[in-house]
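The block underneath contains the structure these notes are about, expressed in structure tokens.
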Amino acid sequence: MFYFGVDYYPEHWPEERWNEDARLMAEAGFNVVRLAEFAWSRLEPDEGTFSFEWLDRAIEVLASHGMQVVLGTPTASAPPWLMTKHPDAFLTRASGDAVTYGNRRNYSPSNEAYRDHTRRIVEAMAQRYREHPAVIGWQIDNEFGDRDYDAPAFRRWLRRRFGSLDVINERWGTAFWSHTYTDWDQIPVPLSTGGVPNPGLALDFYRFCSDAYVDYQRLQIDILRERCPGHVITHNLMGFRYPLIDYFDLAADLDLVSWDNYPRGFWNIAADVDPSALALGHATMRGLKDRPFWVMEAQAGAGGWDIVSVAPKPGEIRLWAYQAIAHGADGIVFFRWRTARHGTEQYWHGLLEHDARPGRRYDEVKAMGQEIRSIGADVAGSKVHAEVAMVLSYDARFALEIQPNNPGFSYPDQFQALYRTLHRRGVAVDVVSPSADLSAYRAVIAPALYVLGEGTAAALEGFVERGGALLVTARAGVKDEGNVVVDRPLPGLLANVCGVVVEEYDSLPAGASNPIVLADASVRGAAGSVWCDILTPHGGDVIGRYGGDHYEGRAALTVNAFGAGHALYLGTVANGALLDAVIERLLTLGGVEHGPRRDDGVEIAMRRQGDTALVFVLNHAAEARMVHIDRDRYRVIVGDHDGTSELTVPPFGVIMLSGRADDARAETT
Ligand code: GLA
């Protein structure tokens, strides 16, 4: 089943209005509503006193119009009585200051009193709705995030994980600057007042912070699984860009991954949206469980707290929703129904205006609702088939946050630039964890695998040996899992498969770049910046050399034949021309079919259901674009068409085709 719906806050509006809201929702084609994820003070107005009647009535009204319900556990925002009674439950910031009341996400996930209150409200809700016919599942909390500088909890985590101070002193190398710990209580958290921390301590602290939310989520999951075995359990994550939680760990305990997709948030009032950044968010969320996901909050209007973002252009709300579907979403839930009149999010625009008018945004989504009625069943459960994987390592990301090496060295930006290069060629990509099984892929990219364990190194080597094409980029294999620099030439455990050694490296000043002279003379304008590994091949062939500085003529890019496959090593942060050349080479080595690079804003993506290919033609440009299709093979199932092979895709428009799976990609250009 395909889920299409909206996030609704009945507690914000008079009860007399609920029926009209539900009627309009049904008219828009909605079949699901998320409720209650911030309603703790309405559900438990005083400690231990529960009030579910209003929620019962809201669910009743919605169900009478055909809606199913996902209930949020309300723990992301605690009632004032709770935080007043337990001031020690506030989260501590890197400055060492505790958060004060006034916003949300202000609690410490390790705080025992908060956890007790959590158990109580979650148990009460589970008990109340376990057999409710309209309730299909749960969203736990809301957008877990932040780091809690809770020293006692960190020490408990360390004790459980490492058992003894000797192990920790050895692991972190505390002989340095005389940091040898002789009592658990001496171990600090890396507060900003402590200065640049020990990298081993800091990485373990970041892991602890991530685990604290994984553990807190599990506390809720255990209750819900036991009491509501038939319900689906999800959490709304924040896509690729969210850096503080290891999302593979967080997703492991969930039935379903969902996420919140805001292409035009108030934090970004830029005119343009980068469609590849959105696609990467979807690919990452799909990759967490290698399964279809939901968008639990799909943007429905301009975003705004204190600042108001650029409003979505006509067509964009529908376009972004279809893009999510193209990348594997089986549920789209718009945030939010009606624009709030009160509170921090007064300017976070929903489908209805403040005064409840259903305007152009509602109409756009309602038109999409009609389409979903006809295609939803074909889409649900269909799969994205990718031949290329990108390895996302939260260990590397955390460690590079602690020591970026160069102010311009950004793990997420490099990851995104590589992804964008593939996306422009219409190449489907799975984002996978460092422990993923790689056997289904033809090509794998491991960007800046700065922290590298033996298992991952062996898996990458085995992948190449069996015929795969691997791309490794600068600062790979520098650290072991304790964040200690390895005692071997770089790229450490990947030196063998890459057939190369990093002889020396250079960290470049801001704005500086070094031209790269490629063996393929047809490539012009290739350059590296930020970081330059000076390479000595040990079996590998040089395919790119530095054109300047004291290492002019030395290797910057190499390829190594290893077993039945090949490994490319890119020793610098590549500009667009260099990325194009490297990715072309990788795809050729891996035998990955792909289209030409497209710069016209048209994205073509595909899902498969058995023998059927569902092809999504998504025009992210503000002008109409032409796309050629083979009319003998495809029929248009969404979008206007006149029966010819040249389709005109309107500005921010979508055309969806259905055809035979084997030739879908090749026949659409
Ligand atoms: C997030 C949250 C929502 C809402 C929106 C808009 O995605 O999950 O509760 O705050 O942002 O700000």
Side-chain angles (χ1 to χ4, degrees), residues 5-13 32-43 70-79 99 102-107 109 137-146 213 216-217 220 234-245 247 250 254 256-269 273 277-278 281-282 284-285 293-312 316-317 320-321 324 329 331-354 361:
V6 73
D7 300 309
Y8 184 45
Y9 301 90
E11 68 274 28
H12 295 181
W13 308 103
V32 69
V33 175
R34 183 193 65 180
L35 295 176
E37 84 281 9
F38 293 113
W40 198 342
S41 67
R42 291 293 303 275
L43 294 168
V70 173
L71 285 174
T73 67
T75 49
S77 196
V99 172
N103 198 283
R104 59 178 177 181
R105 296 234 58 78
N106 52 19
Y107 67 88
W138 299 85
Q139 173 191 298
I140 294 186
D141 202 284
N142 190 83
E143 293 188 340
F144 283 126
D146 229 324
Y213 286 108
Y216 177 72
Q217 177 181 259
Q220 300 201 25
T234 189
H235 170 72
N236 56 336
L237 295 88
M238 290 180 272
F240 172 78
R241 293 298 301 189
Y242 190 73
L244 306 188
I245 295 181
Y247 273 171
L250 194 70
L254 298 170
L256 168 77
V257 166
S258 63
W259 82 288
D260 301 343
N261 182 30
Y262 291 108
R264 292 193 188 275
F266 67 91
W267 53 86
N268 167 22
I269 52 168
V273 173
L278 311 183
H282 297 308
T284 307
M285 297 298 98
F293 59 93
W294 285 21
V295 176
M296 193 59 96
E297 296 181 15
Q299 187 158 359
W305 284 17
D306 40 0
I307 302 290
V308 179
S309 83
V310 174
E316 276 190 327
I317 295 173
W320 296 330
I332 300 287
V333 183
F334 292 97
F335 184 89
R336 53 187 284 152
W337 175 244
R338 177 170 167 186
T339 314
R341 294 183 49 227
H342 305 95
T344 305
E345 296 191 344
Q346 283 170 324
Y347 295 121
W348 205 283
H349 293 77
L351 289 174
L352 307 195
E353 307 298 346
H354 290 102
R361 302 192 300 277

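Each residue takes its place number in the sequence, starting with 1. For ligands, and for the atoms within them, numbers begin at 1 and follow the listed sequence.
A pairwise comparison of heavy atoms in Phe335 and Ala300 identifies O-CB, 3.2 Å as the closest pair. Contact detail for Val32 and Trp294: the closest heavy-atom pair is CG2-CH2, 4.3 Å.
Between Tyr216 and Tyr107, the two ring planes are tilted [angle within 30° to 60°]. Classified by interplanar angle (parallel below 30°, tilted 30° to 60°, perpendicular above 60°), the ring pair Phe293/His282 is parallel.
Within 4.0 Å of ligand 1, heavy atoms belong to protein residues Phe38, Arg104, Asn142, Glu143, Asn236, Asp260, Tyr262, Glu297, Trp305, Phe335, Glu345, Trp348.
Between Asp7 and Arg336, none of the side-chain N atoms (NZ, or NE/NH1/NH2) sits under 4.0 Å from a carboxylate O, so this pair counts as no salt bridge.
Residues Asp141 and Arg105 are in side-chain contact: their nearest non-hydrogen atoms beyond the backbone lie under 4.5 Å apart.
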